[in-house]
Amino acid sequence: MSGLTREEVSSDLDQASSLESEPQVSTAELLEFGSKHLLGNYRQAPMVLVKGSGCFVEDSEHKRYLDFAAGVAVNALGHSHLKLVQAISEQAATLMHVSNYFFNQQNLMLAAELTAATGFSRAFFCNSGGEANEAMLKLARRYQHNRGKKEKLRFIAFENSFHGRTFATVNLTGTASYREGFGEFPGVTHVPYGDLDALKRVLSDDVCGIFVEPVQGEGGVLPAPAGFLQGLRELCDEQQALLLVDEVQTGIGRTGTVLGLEHSGVRADVVTLAKGLGGGFPIGAMLVREELANVLTPGTHGSTFGGNALASRAARVVLEVLTKDGVLSQVREKGAHLSAKLQEIALRFPELCEGERGLGLMRGLILKKGVDAREALALCREHGLLLTMAGGQVLRFTPPLIATIEELDLAASRLADALAALRLRLISAG
Ligand SMILES: Cc1ncc(COP(=O)(O)O)c(C=O)c1O
């Protein structure tokens, strides 16, 4: 596609949407559609987003927000990134989907590029993080089965972890309330994150693999303590269990390296990716080392949409922009900048904040016990800053990786205004 400017693409998109025969619907009516016709399984803010550009999104009332939720660590290149928009448009007009009974060129290229960028040997593609983790569970069990270790069925996972919402992955997830009422998927033991001694106490010959996030995201933006991942690697080797690393949130540059695991120097047997990989286009992946290449033989696993040409093209652009356009090389520096800003704010509001933590551009402002995190989140939104919550008391920052220093500063200043408003409210409430 010829090189259009961002303005030209935006104006094309505006024209396209104005050509649609969408009836004019008010925000109140749209929200009513939601309350009447959606399942109600999300706690959704009372606003409707209609468009986005870079780090900003706009709602149906034309209010603009700095989007540091970024689809929960998904919009790595921000919204409407020129290269991504052009590539998706071009690919949609060329080839979107063919069955996995046939190769498609974009998927083959992505497999080669992604394995080269991460040092893994083989890739399997699907559409989401939960699905990627399902594939990892199946591969691990099948691996042990194939080598005659049929007793090795049990998985170890960590308290506070998050691995998805499918039946198996929600049972790996270390928050009991997410599992409540769904019955049990047998064979998962949870131990405290970071506690190698607790892990040793539950390790035995029946362990198939250990599931771990390099930074617990949903659990409250908790980086692995020093030595923890190395310890897991050693224990897996001793027990002939697989080290199964969930990089759905930490992967693809979020922490300043392609994989979050790189900070520790540890090699996993299998990793999963999703979120940032497609920059907003749904795609998940499982990457394995060569010894595990032929575990899932034809007929043992698959996905109709997995690795389709459109999703693969999107992921190729994300990888290219991250690694070749210099975005990734700035993530650590920007993460350090955001960290310093959040620390400053925590010191300015000691009655509300405990501190901050994180890795790269995956950061959390920890609120004091008793502070209503939902109220803080809503006030941030009112002040034009979109964030998500993690682990109950943490305001989570997962901005687009293309965020500029000025945008990080703007987020910090909007956060400070929101916390000042919260402090005033608490004072006037006595
Ligand atoms: C670490 C981790 N694993 C898995 C998932 C599930 O991904 P998805 O919602 O794409 O199924 C998430 C989503 O938040 C995640 O953070």
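For reference, positions follow the sequence shown, starting with 1. Atoms within each ligand, like the ligands themselves, are counted from 1 in listed order.
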Checklist entry - Going by the salt bridge (charged side-chain N to carboxylate O under 4.0 Å, His left out) test, which pairs reach into residues 175-199, not counting sequence neighbours? => result Asp197-Lys200
Next on the checklist: Quick check: do Val170 and Thr166 have side-chain heavy atoms less than 4.5 Å from each other?
Outcome noted: no
Item to check | Sole candidate of Val212, Thr173, Thr189 that passes side-chain contact (heavy atoms from CB on, under 4.5 Å) when paired with Phe158 | outcome: Val212
Checklist entry - Under a strict 4.0 Å criterion on non-hydrogen atoms, which protein residues are in contact with ligand 1? => result Ser128, Gly129, Gly130, Asn133, Phe162, His163, Gly164, Glu213, Glu218, Asp246, Val248, Gln249, Lys275
Checklist entry - Between Arg267 and Phe120, is NZ or CZ placed under 6.0 angstrom from the six-membered ring centre and within 45° of the ring axis? => result yes
Checklist outcome for this item: For residues 361-370, the side chain to side chain donor-acceptor pair (under 3.5 Å) pairs (sequence neighbours left out) are Glu356-Arg363
Checklist entry - Going by the ring-ring contact (aromatic ring centres under 6.0 Å, His included) test, which pairs reach into residues 287-330, not counting sequence neighbours? => result His97-Phe305, Phe124-His301
